[in-house]
A.B. asks: 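One structure, pasted below without further comment.
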Amino acid sequence: MATTTIGSVMVVGGGISGVQTALDLADSGFKVYLVEKRASIGGTMAQLDKTFPTNDCSMCIMAPKLVAAGRHHNIELITNTDLEEIDGVPGDFRVTLKQKTFRVDKSKCTGCGVCAEKCPVETSDEYNEGMRKRKAIFVMYPQAVPLVYCIDRKACIGCGVCAEECRAKAVVYDKPDEALEIRVGAIILSPGFDEFDARIKKEYGYGVYRNVVTSIEFERMLSATGPYFGVVMRPSDGEIPKKVAFIQCVGSRDEKVGNPYCSSVCCMYAIKEAIIAGEHTKGLEPHIFFMDVRAVGKEFEDYRERAEKEYGVKMHRGTRVASVEEDPVTKNLFVRYGGNDQIETEEFDLVVLSVGMRPAADAEKLSRRLDFKLNKYGFCETDIYDPLCTSRSGIFVSGSFASPKDIPTTVAEASGAAAKAGSLLSDARNTLVTVKEYPVEIDVSGQEPRVGVFVCHCGINIGGVVKVPSVVEYARTLSGVVYAEENLYTCSADTQERIKETIKKHNLNRVVVASCTPRTHEPLFQNTIRESGLNPYLFEMANIRDQCSWIHMHEEEKATKKSKDLVRMAVAKARLLEPLKKSQLPVNHSALVIGGGLSGMIAALDVASQGFDVHIVERTSRLGGNLAKLHHKEGSREPKVFMDELIDIIRGYPNITVHLDTNITDVTGFVGNFKVKITDGEVEVGAIIVATGAVGYEPTEYLYGQDDRVMTSLELEEKLSRREFKGKTVVMIQCVGSRNEKVPYCSRICCSTAMMNAIELKKQHPTSEVYVFHRDIRTYGFREDLYREAGQLGVNFIRIPEASMPQLESSEGRLKIIARDVVLNEDLVIWPDTVVLSVGVRPNKDNEELAKMLKVPLSKDRYFLEAHMKLRPVDFATEGIFLAGMAHWPKFVDEAIAQASGAAARAVTIISKDTLDTEGIIAAVNEDICDGCGICEPVCEYKAIQIVKISDSQEKLKAIVNEGLCKGCGACVAGCPSGAMEQKGYKTSQVIAMIDTALERGDS
Amino acid sequence: MKEDIRIGVFVCHCGTNIGGFVDVPSVVEYSRTLPGVIYATGNLYTCAEDGLASIRDAIKEHHLNRVIVASCTPRTHAPLFQGVCEEAGLNKYLFTFVNIREHCSWVHMKEGPKATEKAKDLVRMGVARAQLLEPKEEARIDVEPKALVIGGGISGMVAATSIANHGFPVYLVEKEADFGGFVRNLNNLYLGGKDATEMLKPIVDQVTSNKNIIKCLKSKVAGVDGFIGNYQVALDVDGKEVKDKVGVIVLATGADEYVPEGLFGYDLYENVVTLTEFEILCKRKTLPKISSIAFIQCVGSRGHVKSYCSRICCNVAIKNALNIAENYQNILGKDERGAVVEKVGVDMKAPEEIAERRRRRRGRRDREGGEEEAEAPAPSEGIEIAIFNRDIMSYGLEHELNYNKAREKHVRFVRYSPANPPKVYTENGKLVVDYWHDTLKLQRKMNVDMIVLSTPLVSPPSAPGISKLLKVPLGQDGFFLEAHVKLRPVDFATDGIFVCGTAKGPADITECVFQAQAAASRAAIPLARGYVQAEALTAIVDADICTGCGTCIEVCPYGALRKNMDGVAEVIVAACKGCGCCGATCPEGAIDLSHYTDSQLLAEAKAALQEAIQ
Amino acid sequence: MMATNAEKLVDESTASEEWDPKIIVFCCNWCSYAGADLAGVSRLQMPTDFLVIRTMCSARVDPEFVLRAFAKGADGVLVAGCHPADCHYIGGNYRTRRRIAILRVLLEQYGFDPDRLRLEWISASEGEKFQKTIREFTERIKEIGPNPLKED
Amino acid sequence: MNSFEPKIIGFLCNWCSYAGADLAGVSRFQYSPNIRVIRVMCSTRISPNLVLEVFKSGADGVIVGGCHIGDCHYMTGNYYTDKRMKLTKELVELAGIEPERLALEWISASEGEKFARVVTEFVDRIRHLGPIPTKNDQKLMKRLEAAAEASKLFRLRLLSGKELRLTGKGNVYGEMIEAEKMDEILDSAVNDEYDRSLILELTKNNALSVKELASEIGKSAEATLGHVATLRARNLLSICSIDGFTPRYKAIRLGGA
C-alpha cells in the first residue's frame, strides 16, 4: 500500500459500466478519470434499440447518464485514448495514457455538425454496423458525449473544407497525439466485450449471404435512429422480411470455436428483438432456434412467455441449426436444423445470428500492461468470492470484461467496483474533488424584471435560416427586455464571459438565451449566470434551432416569425421567474443494512470499510443466512470457510454494529435522515440497504416429506458434503416449484446447483446412474462448464415437455418415475432409489410488511422492485434506500456479492455527503388555500406528499411536500382541485403567461 | 421599378463581307420580331461614322437601353461601339456584340440560306443575352505610393534603389545584419574577373545612402494582407514591429547552395568542397596548396536531386579553373596547408552547423586511416585541372570564349554519363577520381588534391512560408513561379507583387540585375499612376448562400478572394480578373460572374436551341 | 350559447383560404421534448404553425392550461409525453392519459371538436414520429378550421 | 436522317479559341453552320451544370474551346476546365448520353484552320449520332435531369474543385494524393451522387420500392438500399406507403409540409 493515498480513480472503458462507476465514485468524493478508447462514451448499450424485459428505449434511458458523466465536475472524460503503462502500488498508481488526436480542438468544438455536412468523403459508419455512411469527420451518434467531432484520418483526404467551414475554428489538422500522465489511487476496468465474429461460423453464411445479419446489426435495423429508420428491411433488397429466423448460440456454447461458455444474454435479446420486430411489422413471423432458453433474470420468464403467447414468436426448443443456404435468386434463406431426431429445412426472408460475447480484443494487451490475469477464456479472472477484484491488488473489474452478462448485472457490478475502490481510498475521500465557489447571490426580489436576450446564430445552423438580427431587434421591443444581442455561438467560452459582463453592465436580473435545446445547454447557461451572481433559475431558453431552424429549413420567413414567437414566450416566462433555492438537508453518515446474510454482510462491510458506521439488523440469531446451506466448492474456498471468515471480520469491525434477533418495526424520515425503530430501540441512519434474502421452496409435491428417498437439492448437497449419500439410481427433477402456473418465474440457480450435485455424485459414485429431467438447462455464463462436465461424466439429461412434469409414484415400496422424453417422443419409466427435487427460490413472506414500512414497491412475484430494471438495479425509486441480494431476485454467491457491493456504493454516494441538495423544481403548497382534500397524496409516485393536521386545529388538514422526496414532476399540481399546489419554476402563472403570449398576434 | 427592356439592333452589311452572303434585310426584319426589340436597322458599315451616328441617334430617339450590333468580332470592335453607347449616355455594359462575320458569313460563304438562318439565331441569342444585362462600373482603387522589397541581396538592392530613384519610399527588408546576400561569398566575378566585394560595395553604398530606402536589417516580414495598392504589411525589424501600408511588393529572397551530403565523398573528405566553399577559400586566401584539382559538375542537379540545370555552375567552374590556371599564386592561402571552410551560403548564422559537418567528415576520415602527409605543392604551371561534366553550358556570347580559353590552358574537360558518374575515394591517403573515359572506353583514375562539387542553387527553406504569406505560388522546384514564363517574367499572377533574382530560379548577377530593374519598373507603374482600374467584370459572391468552404480562394490564381469577418468569401475587386474559375468551382453555387452570369449564358444557349421561328 | 356562435364562425373562416392555425404543443422534458429535438437534429421538416411549451412531465399539463389555450384562440393543443411505462416520473403519463380523455369529452360538450386536443406518446428516439404527428395534427386542425372562439 | 441538322453550342474563351474562330473567318475557312458560339472570358467559367443544362435544353452537342494547356490567359483556368469537363463527361455518360456529344478542344488564336476542322468533324460526328436521345425519351430525360442535379451538389463540386490541389500541391497534411486514387474517390462520389439524384428524380411523382428503383437505375437492390438509406438520412426521401411487405419511397419536396 502506498504511503500517500491518491483520492482519484481511473475507470477504463466508457460503456454503461464505466459510466455508472464513474458517477458513483464522483458522487462519493473521488476524482474520476474515465478513459475510453473510442471518441465518445456510451459503449455497446448506445447501439441498442430497446432493452429487455421492459422494452425501454436504450438511448432514452442511457443518455441522461452520459450527459451527467460528461458534465460532472469531478469526472474527466479522456476519450480516444489508449492505456500505455502503469506503475506504482495500490493507492498510488501512475498511469501513462496516449490520447489519439481528434484533430479538433475539444474546447472550441460546439458540436454544430456543419463540418460533417460539408465533408465530401463518405465512409462506413461503425455505429450503424456499416449499414449507413458517415463522413470522414464525425461523431459516433447524435447524442454522443462528449459531442466533439473527430477526424477519421484513414478516410480523410485532407481537402480542408471542414476547417474552412468551422466558424469556431476548432479543426486543427496537425494536432498531435498527446501523452498524458495521471496519478490515481485505484483502477477499475470495464472495457467490455467484443461480439463474436460470425464469419467464423461459415455454415451460417454471414458475410456471404446478404440477408444473414448479426443481432447487433439487427438492433441497428430496429432502431429509429438506425440505417432503416426503424423499419426492418432485408439488406439485399429493402423488402420487409415476413419470416425471420433467430439462430442462437452463434459463438457461444461452442467448443469448436473456442467459446464453450454461455453468453448469458443472447436468449433474452433474441426474444426482445423478435418481439420488437413483430411490433414494427404486422404479420411478421419470428422464429427462434435454440437449445435451451435461458430466461433466468427478473421477469424474464414472463417475457419469454409473452413472446410466445402474445407475440406469436415461434420457439424451436432444443434445436441446433446445421446450416443456412441462400436461394441465389430470391436471396431467401433455407435454415437446416436438427430437432427431434431428424433434419428439417425451413425458408426465411431474414436470418439473425445471435452472436455471443467474446473477451474484448485488447484484453490481452491490457492484461500484460496492467499485469493482471485472464481466465482460460480470455476474460478477466475473478474469484467467486471476490467478483470485482482482479488478480492485481488495487485494480478492480466490472461488467462484461469479467464474464458475459446483461445490463442490470453490469450496472450493479459497476456500483460495486466503485465501492471497492472507495474502500481502498477512503482516507483520501474529498481530497481531490473540487467544489465550485460562486459569488454571493444577488437579491432580485422586488426588482422590476430586466431581461437580457442572447440570440445565437449557431454558426449557420440558425443564422442560415432564421434572420437572427431581426429576432434580436424584435426582442428589444418586448416588455421587460433591456438588452438583446446576437452571438455566433452563444455557448462558446468567450460568449459566457460576455454574458457575465453584460449582466453586470446592464444590471440584468433575468437572462433568455435563444439557441438550441435546454436539455443539453441549460445547465451551462445557468452556471454562467450563477457565476455572475444571479440565481440559476432566473434563466429561460428558447429553442430556435432544434425546434425551429432545423425543422423549417426552407421557410425562412415563417421560421423567423416562429423564432420571434418563441423568444416572446420565453421572455414572458422569464419576467415571472423567481429565484429558487435548493434546500440543503443534513446527512447522517451511517447506514442500516437489513438482513445479515451474505449480501447484508458484504454490503455492510463495503460501507463500513469506507469509513461509515453501519448497523446490521438480523432477525435470526446468527449471521450467514442461506450461505450456511451451501457446500460445493466454487472458486478459491468452500462456502463455509468463506462464511466463517466473513463473520469474523464483521464481528471484529469497529464501526459495524450487529443487532441479532432483531426486527424492524417502523421507518420514518427520508434520504439522509431515516429513523428506524428496531426491536431494541431506534437507529438513525442516512441510508438503508435491504438485503433480506429469500427462502427455498418447501415442496409439497412428489411425496416430499412422505418418503425419505425424496429430498431437495439442498439436502442432497448437504449429504454429499458429508459423504453420506449412497444412492445408485438418482433422478433429479428440475423446476419443482418454479416455472409453473403458481410460480411462473425461473429461479435462476437450480440448474447449476443440480449440475454440481450430479458432478459430485458421479465423482463419489462413478457407477451411479443420474437422470436429470429438465425443460431447459439454464447454466448460463461460465457455469456452462458444469453442464458440460456433467454430461462428460455420464449424467443423463432428459428433456421433458414444457407443460407436463414427470409423475412420481411409489408402488410396492419402489419409486417409479414416468416422464415424457421430447427427443425420443415417448414415455420413459425409471425406478430410482433417490429422487432429488430442484426446488426454486421464494420471496420472504414478510416482504410486504417491510415494503410498507419502507414505502417501497414489490414486484408481481413479491420480490422487492428496484427503481429501474436496467439502469438502477440496486436503487429504489425512493431515494436513500437500496437493494441487494436475493431480496431482489434469486442469485449466485458471486452475483449477490457484486450486487451488495453495488448497493453499498450507492448508499455511500448519499452518506458520504455532508448535505444533500433538494431539487430546485419541486412542488410547494400554498397553505392558505389548501384544504387538505388529499387528492394529491396518491398522485405522487414518490410518496413525497403527506396530509397532516394543521397543528393547533384538530379538524383542518393540509398537504405538505417533503422536499427530500419530491422530484418535481408536477403531477400533483395538475391534480390539485383548489390551485393550492404549485410547481416551482413551472408555476401555473408562468405557463399561462407562455400560453397567452404564444397566442398573441405575433410581431409587427 | 424596373424599366422596360428597349433593345436596338444594328445589323451590318460590312460592305459585301456580310451582306454578300447573309440576307441582312431579312435578319433586320427578323430582329424586329424578337421580344424587347424596339428598333432594328441595317447599316452598310456600322463601324463607319454614319453607322455610329445611327446608333447614337437611335438610342436617343427610341430611348434604347440595350444595343446590339451584329457585325464582326467583339475582340476588335467592341470598344468602338461601347464608346458610342457611352457617348449616348448608355452604360457600355448594356451593349451586346453579335459576330455574324467571322463566325458566320465568312465561314459559310457557300451556304447562303443557312448562313442567314444562323445570323438570325445569333441575333436571337444576342437579344436573349441583352435582356439580362446590367450596367457595370469599373472601380478605381488608390495606390499607396510606397513599396516593399523583400531580400537585401543584389536583386533586392537593385530593385529597391531603382524604385527609390523613382521617388517612392521603399522598405528593404533583409534578414541578415548586412546587405549583400549570396554575393558576399564570392571571390571574383566571371567575365572580367572583378573582385566581388568591390563590385558589391557601390551597390550597398547606393542603398545605405538613399533617403527613400527604409533599411530594415535583421528583419522579417511578419504579415501581409490586402491587395494591389493597399497591402497592409507587418515587419519585424530587429525585434520591433513596424506596420505600414504599401502599394507594391517585390520579392527578392534569393537562393541557397545545395549541400551535397552523401555525394562524391563530401561528408568523408576534407578536401572535397562545394563550389561556393571553394570561392570562400579563395576569397579568404585560405586555399591549400594543390597540384591537381577536379571539378565535378551537376552534383545534385539535372535529375540527380534537383531536376533543373542550375545555369551558372559551368561558367563559375570554368572561371575558377582559369583562376587556378592563370592566377594560382593570387588565390593561394598564405599558410602552408589549407584551412577549413567556415562559411557557406548566405546564412551567416550557420558556422556551428558547418563546423559540425566538418567535424563529422574528419571523424570519418580518421577512422579510415588518419591524416596523410600532403605532397609538396607543385608549381602553378603544373597544376592539373579537370572538369568532369555532362555538358558544358557556357551559353551566350562570352562564356563560350572562356570555355575555349580554359581548354587552351589545358584544363581537361571530361564528360561523364549520369548513368556512370565518377567515383571519389582515397587511395594511399590521396583523393582519387575514378571515372570512365568515354572516348578511350577505359576506366581511368585521377589523383587529385582537391575536388570541387558544383551543386545547384536551391530555393531556401523560407520560401514556402513566404509563399503562404503573400499567397503567391511556388513552382515544382520550390522557386517562386512567375505569372508567365515568357511574357510576364517578373510578375506574379497576383497584381502588385513582383519577383526577381534567384528567388525565381538560378541566375547570375547580370541576370539578377536585369530582373531587378525589370521588377522595379513594373512595380513603379501603379505607384506612378497612383491608382489601379479594377475590372468591372468580376466574380460576385452571394453572401447568403456562401458557407465559407474556402474552395474559391484556393482556385483563384489572382488571390482575389478572401474571407470576410462573417467567415464568408468576398471578392477583392481590385485583384479580380473575371475569369470565372471560382464561380464554376463554388460548391454552393454562391458565386456568379458579372456580365457572364449563368443565367445569361444559359439564356443565350436556350435561345440558340429554340426551334427557329419563321 | 358557445355552440351556436361556433357554427357560424366555422362557416365563415373555412371560406378564407389563407389561414395558418395556431397550435400549442406541450412536451414533457424527458421524452417528447427530446424527440422534438431529435427531429431537429435529423432535420425533419414540418409545418411551422406550432409552438412548444416544455413541462417536466406531461402530467404537469393542467387541464386549465389546455382550456386557457383554447380560450385564447389556439386552434389545437397537442400534449406529448413518454410512452406508457417509460415515464421518467414512473407513472405520470397514466394520469395525463386520463386527464386528456376527460378533457376531450369536456371540449365536445362545449361544442369544440374533440380532435382539437390530441395526446401522443413520443419517445426521445422518435423524431420521425414527432414530425408525423405535427404534420397530421396540423392537417387535421386545418380540416376542422379555426378556433370558433377566435374573434375577427 | 439526312435532314437532321445538329444543333451545336460552342463555348469559346475570349483569348484563344474565340480568336481562333475569328481567324477561321478572316481566313475564310469554311465549316458547318450548325454551331452557335457563346463567348466567355475563360473556358474555366463553364461549370458542369451549365453544360448539362444546355443538353437539357436540347443541344445535340456541346464544344468547349479553351487555350492550350499552359497558355491560359488566366494562368491556370484551363487546368480546371480539363477537370470539369472530365467530370461532365462522366455525368453525361452516366445519364446514358453518348459522351462524344461533349468535346473539349484546345484551340489557340492562331489555329483558325483547326477550329474549322474541329467544328466540321464534330458536326459530322453528331450528325452520325443523330439527335440527342433525350428529345424523345422521357426516361433518358429523367437521367439527364438527375445528372444535372448531381452536378449541382456541394460534394461533387467540392471534390472537383479540390482535385488539382490535392493531386498537385498536397492536402492539409502535406501529402500528395495520387491521381489514380483521386480518380477513384471522384468516380465513386460521382456514381453514388448520380444514382441518388436519379432516385430522387424517379420518386418525384411515383412511389417506388427499392427493387423497382434498382431495376430503374440498373444497380443491385442492395446498393440501391444503401442510397435510399443515405437519402433518408439527408431527409430527401421518405417512406410513403408500405404495401404488404414492400416499402415504397417518395422524394420529399422541399419547403416544409
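In this text the structure is predicted, and so the values were computed from the model without any measurement. Reminder, nothing fancy here: chain letters follow the sequence lines and each chain counts from 1.
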A.B. asks: If we ignore angles and hydrogens, is there a donor and acceptor under 3.5 Å between the side chains of B:W106 and B:N17?
C.D. replies: yes
A.B. asks: With a 6.0 Å cut-off on the ring centroids, do B:F498 and B:F492 count as close?
C.D. replies: no
A.B. asks: So what's closer than 4.5 Å to chain B heavy atoms on D:I9: side chain, backbone, both or neither?
C.D. replies: side chain
A.B. asks: Report yes or no: do D:S151 and D:N49 form a side-chain donor-acceptor pair below 3.5 Å?
C.D. replies: yes
A.B. asks: When rounded to the nearest 0.5 angstrom, what distance separates OG in B:S459 from NZ in B:K504?
C.D. replies: 13.0 Å
A.B. asks: So which of D:M41, D:H73, D:R36 has the largest heavy-atom pair count under 4.5 angstrom toward chain B?
C.D. replies: D:R36
A.B. asks: Determine, step by step, whether D:E193 and D:R234 satisfy the salt bridge (charged side-chain N to carboxylate O under 4.0 Å, His left out) criterion, reporting the C-alpha distance in whole Å, the side-chain angles of both residues, the deciding distance to 0.1 Å, and the verdict.
C.D. replies: CA-CA 12 Å; D:E193 295 306 337; D:R234 287 189 195 164; 2.8 Å; yes
A.B. asks: So for B:K486, is it side chain, backbone, both, or neither that comes closer than 4.5 Å to the heavy atoms of chain D?
C.D. replies: neither
A.B. asks: Quick one: of B:L537, B:L474, B:T76, B:N99, who has the most non-hydrogen atom pairs under 4.5 Å with chain D?
C.D. replies: B:N99
A.B. asks: Quick check for you: among D:K152, D:K169, D:K83, D:K162, which has the greatest number of heavy-atom pairs under 4.5 Å with chain B?
C.D. replies: D:K162
A.B. asks: Below 4.5 Å from any heavy atom of chain B, which atoms of D:Y18 appear? Answer side chain, backbone, both or neither.
C.D. replies: both
A.B. asks: Pick out which of B:I18, B:T46, B:V24, B:V98 makes a side-chain contact (heavy atoms from CB on, under 4.5 Å) with B:V11.
C.D. replies: B:V24
A.B. asks: Out of B:H103, B:E102, B:R129, which one racks up the most heavy-atom pairs below 4.5 Å with chain D?
C.D. replies: B:H103
A.B. asks: Determine whether more than 12 heavy atoms belonging to other residues, nucleotides or ligands lie under 6.0 Å from atom CD of D:E175.
C.D. replies: yes
A.B. asks: Top residue by heavy-atom pair count (under 4.5 Å) with chain D, among B:G589, B:C549, B:C104?
C.D. replies: B:C549
A.B. asks: What part of D:R28 lies closer than 4.5 angstrom to a heavy atom of chain B: side chain, backbone, both or neither?
C.D. replies: both
A.B. asks: Top residue by heavy-atom pair count (under 4.5 Å) with chain B, among D:W15, D:F115, D:Y80?
C.D. replies: D:Y80
A.B. asks: Which atoms of D:T81 are under 4.5 Å from chain B, going by heavy atoms: the side chain, the backbone, both sets, or neither?
C.D. replies: neither
A.B. asks: In terms of heavy-atom proximity below 4.5 Å to chain B, should D:F29 be classed as side chain, backbone, both, or neither?
C.D. replies: backbone
A.B. asks: At a heavy-atom separation under 4.5 Å, does B:M125 approach chain D through its side chain, its backbone, both, or neither?
C.D. replies: side chain
A.B. asks: Between B:C581, B:G580, B:P74, which residue shows the highest count of heavy-atom pairs closer than 4.5 Å to chain D?
C.D. replies: B:C581
A.B. asks: With a 4.5 angstrom heavy-atom cut-off, which part of B:F97 approaches chain D: side chain, backbone, both or neither?
C.D. replies: neither
A.B. asks: Tell me, side chain or backbone of B:E604 under 4.5 Å from chain D's heavy atoms, or both, or neither?
C.D. replies: both
A.B. asks: Under 4.5 Å between any side-chain heavy atoms of B:V541 and B:V568, yes or no?
C.D. replies: no
A.B. asks: Please classify the contact of B:S599 with chain D as side chain, backbone, both or neither, using a heavy-atom distance under 4.5 Å.
C.D. replies: neither
A.B. asks: Could you walk me through whether B:H108 and B:K118 pass the side-chain hydrogen bond (donor to acceptor under 3.5 Å, both in side chains) check?
C.D. replies: CA-CA 9 Å; B:H108 311 308; B:K118 179 164 175 177; 3.0 Å; yes
A.B. asks: Select one option (side chain, backbone, both, neither) describing which atoms of D:L153 are under 4.5 Å from chain B's heavy atoms.
C.D. replies: backbone
A.B. asks: Between D:R165 and B:E554, does the salt bridge (charged side-chain N to carboxylate O under 4.0 Å, His left out) criterion hold? Intermediate values first, please.
C.D. replies: CA-CA 8 Å; D:R165 193 192 96 189; B:E554 273 170 37; 2.4 Å; yes
A.B. asks: By a 4.5 Å heavy-atom criterion (distance strictly below it), what part of B:A115 contacts chain D: side chain, backbone, both, or neither?
C.D. replies: neither
A.B. asks: Output the option from D:S43, D:P33, D:S47 having the highest count of non-hydrogen pairs under 4.5 Å with chain B.
C.D. replies: D:P33
A.B. asks: Nearest 0.5 Å, what's the SG-CG distance between B:C576 and B:D495?
C.D. replies: 10.5 Å
A.B. asks: Can you tell me which portion of D:R155 sits under 4.5 Å from chain B's heavy atoms? Options are side chain, backbone, both or neither.
C.D. replies: neither
A.B. asks: Do D:R143 and D:Y194 meet the cation-pi criteria used here (NZ or CZ under 6.0 Å from the six-membered ring centre, within 45° of the axis)?
C.D. replies: no
A.B. asks: Can you confirm whether the side chains of D:D22 and B:T73 place a donor and an acceptor under 3.5 Å from each other?
C.D. replies: yes
A.B. asks: By a 4.5 Å heavy-atom criterion (distance strictly below it), what part of D:A19 contacts chain B: side chain, backbone, both, or neither?
C.D. replies: both
